[in-house]
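In each ligand, atom 1 is the first atom listed, and ligand 1 is the first ligand listed. Values reported hereafter were calculated over all heavy atoms of this structure, with side chains retained and with hydrogens, waters and symmetry mates removed.
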Amino acid sequence: MEASPLLLLVSLTLLLATFLQAKAVPSLQDQAGALLAWKATLQSHPAQLQSWSRGNNTSTRPCSWYGIKCRKHQVSHQEVITGISLRGLRLRGDLDALNFTALETLTSVQLSHNKLTGRIPPSIVSLKELRFLLLRRNQIRGPLSPALASLTKLQYLMLQQNELFGEIPRQIGELEGLVKLNLSANHLSGPIPGELGYLNKLSMLDFSSNNLTGPIPRNLGNLTRLTILYLSGNYLSGYLPRELGYHVNLKDLDLSKNILIGSIPNSFGSLINVNVLALWHNQFSDNIPRELGYLVNLKELYLNMNKLNGSIPSTFGNLTKLTIFYLHDNKISQYLPRELGYLVNLRKCIYGIIHFPGVFLGN
Ligand SMILES: *[C@@H]1O[C@H](CO)[C@@H](O)[C@H](O)[C@H]1NC(C)=O
Ligand SMILES: *[C@@H]1O[C@H](CO)[C@@H](O)[C@H](O)[C@H]1NC(C)=O
Ligand SMILES: *[C@@H]1O[C@H](CO)[C@@H](O)[C@H](O)[C@H]1NC(C)=O
Ligand SMILES: *[C@@H]1O[C@H](CO)[C@@H](O)[C@H](O)[C@H]1NC(C)=O
Ligand SMILES: *[C@@H]1O[C@H](CO)[C@@H](O)[C@H](O)[C@H]1NC(C)=O
Ligand SMILES: *[C@@H]1O[C@H](CO)[C@@H](O)[C@H](O)[C@H]1NC(C)=O
Ligand SMILES: *[C@@H]1O[C@H](CO)[C@@H](O)[C@H](O)[C@H]1NC(C)=O
Ligand SMILES: *[C@@H]1O[C@H](CO)[C@@H](O)[C@H](O)[C@H]1NC(C)=O
């Protein structure tokens, strides 16, 4: 049997139509519809959202609405919504009720400082173009879905000060473009996944004030672009990996308020750009490594509330930029090297019962 040319043509056309439909982006009207549907679920009605309406015309113009950004779509050349920015409007409602499937063209979602509840909706995985997901300071609950890994263009993931719980999915390590990751002040538990070592563009990582347990993975030493690393206020245990000393770009390292043990690795003497080093309230023991005296850019050093012993190394005389130095509640000897007299910028120093800038000046 031979297929008639007409039949062939019809099926080809159908095939093409199906293909085009699959590639089609949602129309601006559908996108406006998704936003209006969400607005209708909100329990608060800030004045700014009055512009979100169908108006008198049948065709809605969402691109002029408050907080909405549009752009010509690269492929379809039709106008599409690329940004939502509704920071600090005290919006009360469910994030879940926002249909992200209709908004797949978004590159930026800024909903920080509101009162949004619910979980991060599963439909968020539609946002293949998303670069900024900023949901800081809301009441968003639930675990982080491993499916977040499909947001392959993500650069900023800011979910701090919410009510997220459960483990940090190791799939976050697939977000290769990630530059800033802040999950602080949630209720996340379980270990820090070693896969985060793949995030080689990361410059800021903040997991502080959660319930994380287990060791600090050595793989974090691979994150050589990090300038800020905050892991304070968790239940992290075990030894400090010497690999953390490889962070030559690190400016601010805070590992305080955990239950870390062992000595401070002498590799930390390579953190040559560090300004703030906070290791207080852990269980670090042994001597303070003399290599810490090589951190000539150090301005604030917090070693208090550990089990450090020995005496302050004479190399500390090199820390001439030091303004704050806390060492109390350790087992450090009362012997003070005369080189400490070089620390002319010290403003605040607590060392055992002696508060010492005055002691050294003039030495
Ligand atoms: C709709 O049109 C009426 C009359 O033209 C006008 O008074 C009213 O302000 C319009 N409303 C909106 C939301 O544009
Ligand atoms: C309705 O749409 C037309 C053309 O798009 C526009 O000129 C007019 O200002 C709109 N009217 C209202 C009330 O929005
Ligand atoms: C969300 O939007 C998509 C695309 O416009 C649509 O197919 C789907 O039915 C919507 N879902 C809900 C729950 O409204
Ligand atoms: C992460 O978020 C918290 C809470 O909003 C903030 O205090 C902190 O400075 C942020 N971390 C960084 C590294 O900016
Ligand atoms: C950590 O877990 C404990 C016990 O489950 C809980 O009481 C505490 O509030 C949690 N802290 C955070 C920051 O989630
Ligand atoms: C990171 O570092 C670890 C140990 O230092 C190493 O085994 C691993 O191959 C490195 N690469 C990644 C992507 O984690
Ligand atoms: C310091 O502590 C370490 C291990 O905790 C111990 O081996 C060492 O002898 C102590 N040094 C001094 C000077 O007390
Ligand atoms: C640091 O101090 C030690 C001992 O005081 C000294 O020998 C060394 O040259 C100093 N290094 C730097 C980089 O200043």
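Shown in contact with Y230 at under 4.0 Å from a heavy atom are these atoms of ligand 4, numbered in order with element: 13 (C). For ligand 4 and I228, the ligand atoms under 4.0 Å from any heavy atom of the residue are 13 (C). Of all the atoms in ligand 4, the ones that sit under 4.0 Å from a non-hydrogen atom of N182 are 1 (C), 2 (O), 3 (C), 8 (C), 10 (C), 11 (N), 12 (C).
Among protein heavy atoms, the minimum distance from atom 14 (O) of ligand 5 is reached at H187 ND1, 2.7 Å. When hydrogens are left out, the protein atom nearest atom 12 (C) of ligand 4 is M204 CE, 3.6 Å; that is the closest non-hydrogen contact. Closest protein heavy atom to atom 13 (C) of ligand 5: N186 O, 3.7 Å. Protein heavy atom closest to atom 11 (N) of ligand 5, with residue, atom name and distance, is N211 ND2, 3.1 Å. Atom 7 (O) of ligand 4 has R136 NH2, 4.9 Å as its closest protein atom, hydrogens excluded (heavy atom only). The closest protein non-hydrogen atom to atom 4 (C) of ligand 4 is Q161 OE1, 3.4 Å.
Judged by distance alone, the side chain of N162 and the main-chain N or O of N138 form a donor-acceptor pair under 3.5 Å. With hydrogens and angles ignored, the 3.5 Å screen pairs a side-chain donor or acceptor of N234 with a backbone N or O of N210. Although no hydrogens or angles enter the test, the distance criterion places no donor-acceptor pair under 3.5 Å between the side chain of D329 and the main chain of N304. When atom types are taken as modelled, the side chain of N211 and the backbone of L188 share no donor-acceptor pair closer than 3.5 angstrom.
A parallel orientation is assigned to the rings of W52 and W65, their planes being inclined by less than 30° (bins at 30° and 60°).
At least one heavy atom of S184 sits closer than 4.0 Å to an atom of ligand 4.
Under the 4.0 Å distance rule, the nearest protein heavy atom to atom 2 (O) of ligand 5 falls inside the cut-off.
No hydrogens or angles considered: a donor-acceptor pair under 3.5 Å links the side chains of S112 and Q110. Side chain to side chain, K321 and N297 meet the donor-acceptor criterion of an N or O pair below 3.5 Å.
If you chain together hydrophobic residues whose side chains sit under 4.5 Å apart, L298 and L327 fall into the same group. Both L260 and L205 belong to a single network of hydrophobic side chains, linked directly or stepwise wherever heavy atoms of I, L, V, M, F, W or Y lie under 4.5 Å apart.
Here atom 8 (C) of ligand 7 lies nearest to N309 when heavy atoms of N309, I261, N287 are compared.
Contacts between M158 and ligand 4, counted as non-hydrogen atom pairs separated by less than 4.0 Å, are absent for every part of the residue.
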